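Notes follow the structure.
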Amino acid sequence: MNKKTVSFQSVFITGASSGIGAALAQAYADKGVFLFLCGRNEQRLNEVAETCRQKGAEVYTFIFDVINANDVRDALRKANSIHSLDLVIANAGVSSGILGMCENIHATNTIMQTNIFGVVNTVLPALELFKFKGCGQIALMSSMAGYRGLSNCPAYSASKNCVKAWGEALRGVWAKEQIKINVICPGFIKTPLTDANAFRMPFIMDADKAATIIQRGIAKNKAIIAFPSVMAFLAWFGSCLPSFILHPILGMLPQKEK
């Protein structure tokens with residue numbers, strides 16, 4: 001861990017059993033660091049935890065689904081009682097691809113429940129803890145897909161757009177309480193979510209490299225941590241275009257089976 005850019009002693013991460021969450025756990029793992037790792041897959045989570053312990057971190061694991069608000073709140077409170085939390089990363093999320101289905105009613109509900117309310121269930125109790133403490137930092141995992149509604153993943157892009165907008169708004173609300181809020185907007189990252197995509201993904205990046213970029217952005221308290229830079233610019237530019245120009249372009253995106 002780079003001591004010049006990271007000073008967190010206690011980090012709580014949801015969705016830490018694979019992908020970016022697992023990469024972030026390993027990025028923050030170091031001697032003297034308390035890691036609280038959460039996920040649904042106990043075997044994979046324990047494997048990540050063991051890797052982090054080998055780096056010297058003290059690791060605790062919690063098995064739950066973020067859609068269960070009571071479980072998330074209880075885990076946060078227990079973690080905070082073990083060691084006062086410095087950073088909470090609301091990372092857990094799903095897509096229709098990883099669910100093995102198109103965005104039908106069931107998939108849409110699951111995506112919304114996990115990607116929106118799972119984040120809400122993590123952030124609100126974390127804010128309560130940090131308000132009492134008088135400081136803290138929370139990072140919300142959005143996506144480049146959250147800049148504009150995408151025709152090939154309506155529910156996913158809508159859920160990430162919601163997280164992005166909510167995180168941006170929270171940053172202004174809680175700054176006066178010395179609570180820092182960051183929104184993470186990655187492009188294509190090689191994870192189980194993107195492994196399900198059957199189309200070419202431009203600028204795809206390894207999860208370890210993504211974790212390093214995210215770690216630096218959080219340390220610098222960047223409002224939006226969007227990367228890779230070229231894709232971030234294209235996403236921003238696309239969000240500025242009027243619909244009559246953008247919609248024909250979006251219609252050319254590879255469509256998932258219905």
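Since we're looking at a predicted model, the values are computed, not measured. Hydrogens, waters and symmetry mates play no part in the numbers below; they use all other heavy atoms, side chains included.
Gln137 and Asp86 share no donor-acceptor pair across their side chains, judged by distance under 3.5 Å alone.
Side-chain N or O atoms of Thr108 include none that pairs as donor or acceptor with a backbone N or O of Ile105 at under 3.5 Å. Under a 3.5 Å cut-off, the side chain of Thr14 and the backbone N or O of Ala92 do form a donor-acceptor pair. The backbone N or O of Pro125 sits nowhere less than 3.5 Å from a side-chain atom of Arg73 that would complete a donor-acceptor pair. Judged purely by atom type and a 3.5 angstrom limit, Asn161 has no side-chain atom pairing as donor or acceptor with the backbone of Ser157. A donor-acceptor pair under 3.5 Å is formed between the side chain of Asn104 and the backbone N or O of His106. Checking side-chain atoms of Gln215 against main-chain N and O of Ala27 turns up a donor-acceptor pair under 3.5 Å. Side-chain atoms of Asn182 never come within 3.5 Å of backbone atoms of Ile218 as a donor-acceptor pair (strictly under, hydrogens ignored). Of the possible donor and acceptor atoms, none in the side chain of Lys31 sits under 3.5 Å from a partner among the backbone N and O of Lys55. Listed for the Arg53 side chain is a donor-acceptor partner under 3.5 Å among the backbone atoms of Val59.
The only member of Ile184, Val163, Thr122 that meets side chain to side chain contact (heavy atoms under 4.5 Å, CB included) when paired with Leu140 is Val163.
The structure places NZ of Lys180 at 5.0 Å from CG of Asn221, a figure rounded to the nearest 0.5 Å. The CD1 atom of Ile225 sits 8.5 Å away from atom CE of Met141, with the distance rounded to the nearest 0.5 Å. Separating the CZ atom in Arg77 from the CD1 atom in Ile82 is a distance of 15.0 Å, to the nearest 0.5 Å. We find the NZ-CD1 distance between Lys190 and Ile20 to be 13.0 Å, quoted to the nearest 0.5 Å. Here the CD1-CD1 distance, from Ile89 to Ile214, works out to 7.5 Å after rounding to the nearest 0.5 Å. To the nearest 0.5 Å, atoms CZ (Arg44) and OG (Ser17) are separated by 4.5 Å.
Phe117 and Ile67 are assigned to two separate hydrophobic clusters, defined by single-linkage of ILVMFWY side chains at heavy-atom distances under 4.5 Å. Taken together through direct or relayed side-chain contacts under 4.5 Å among Ile, Leu, Val, Met, Phe, Trp and Tyr, Val119 and Phe12 form part of one hydrophobic cluster. Both Trp166 and Leu127 belong to a common hydrophobic cluster when Ile, Leu, Val, Met, Phe, Trp and Tyr are linked at side-chain heavy-atom distances under 4.5 angstrom. In the hydrophobic cluster analysis, where Ile, Leu, Val, Met, Phe, Trp and Tyr join through side-chain heavy atoms closer than 4.5 angstrom, Phe34 is grouped apart from Leu37. One hydrophobic cluster, built from ILVMFWY side chains closer than 4.5 Å, cannot hold both Leu124 and Leu87; they sit in different ones.
Taking the side chain as every heavy atom from C-beta outward, Lys131 and Trp174 approach each other to under 4.5 Å. Counting only heavy atoms from C-beta outward, the side chains of Ile224 and Val183 approach each other to under 4.5 Å. Using a 4.5 Å heavy-atom cutoff, the side chains of Cys185 and Ser142 are in contact. Contact check for Phe8 versus Val33: no side-chain heavy atoms found under the 4.5 Å cut-off. Considering only heavy atoms from C-beta on, Ile189 comes within 4.5 Å of Phe227 through its side chain.
Annotation for Glu168: atom CD counts as buried by contact number, over 12 foreign heavy atoms lying within 6.0 Å. Other residues, nucleotides and ligands contribute over 12 non-hydrogen atoms within 6.0 Å of the CD atom of Gln54. Annotation: Glu50, atom CD; neighbour count of heavy atoms from other residues, nucleotides and ligands within 6.0 Å is above 12. Counting heavy-atom neighbours within 6.0 Å of Phe64 CZ, excluding the residue itself, gives a total above 12.
For residues 36-63, the set of pairs meeting the ring pair (Phe, Tyr, Trp, His ring centres under 6.0 Å) definition, not counting sequence neighbours, comprises Phe36-Tyr60.
Of all heavy-atom pairs spanning Val66 and Asn121, the tightest one is O-ND2, 2.9 Å. Scanning both residues, Val123 and Ala90, for their nearest heavy atoms gives CG2-CB, 4.2 Å. When all heavy atoms are compared, the tightest approach of Ala23 to Asp208 is CB-OD1, 3.7 Å. Taking each heavy atom of Val48 and Ala22 in turn, the nearest pair found is CG2-CB, 3.8 Å. Pairing each heavy atom of Gly167 with each of Ile181, the nearest pair is O-CG2, 3.5 Å. The minimum heavy-atom distance linking Gly93 with Thr114 is given by the pair CA-CG2, 4.0 Å.
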Just do the side-chain contact (heavy atoms from CB on, under 4.5 Å) check on Phe130 and Val88 with the steps written out, would you?
-> CA-CA 10 Å; Phe130 288 151; Val88 172; 3.9 Å; yes
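Arg40 has a carboxylate O that lies under 4.0 Å from a charged side-chain N of Asp65, or vice versa, which qualifies the two as a salt bridge.
Annotation: side chain to side chain donor-acceptor pair (under 3.5 Å) contacts of Ser159 (sequence neighbours excluded): Asn115. By the side-chain contact (heavy atoms from CB on, under 4.5 Å) test, Ser84 is found to be paired with Asn80, Lys133, residues two or more places apart in sequence or in another chain being considered.
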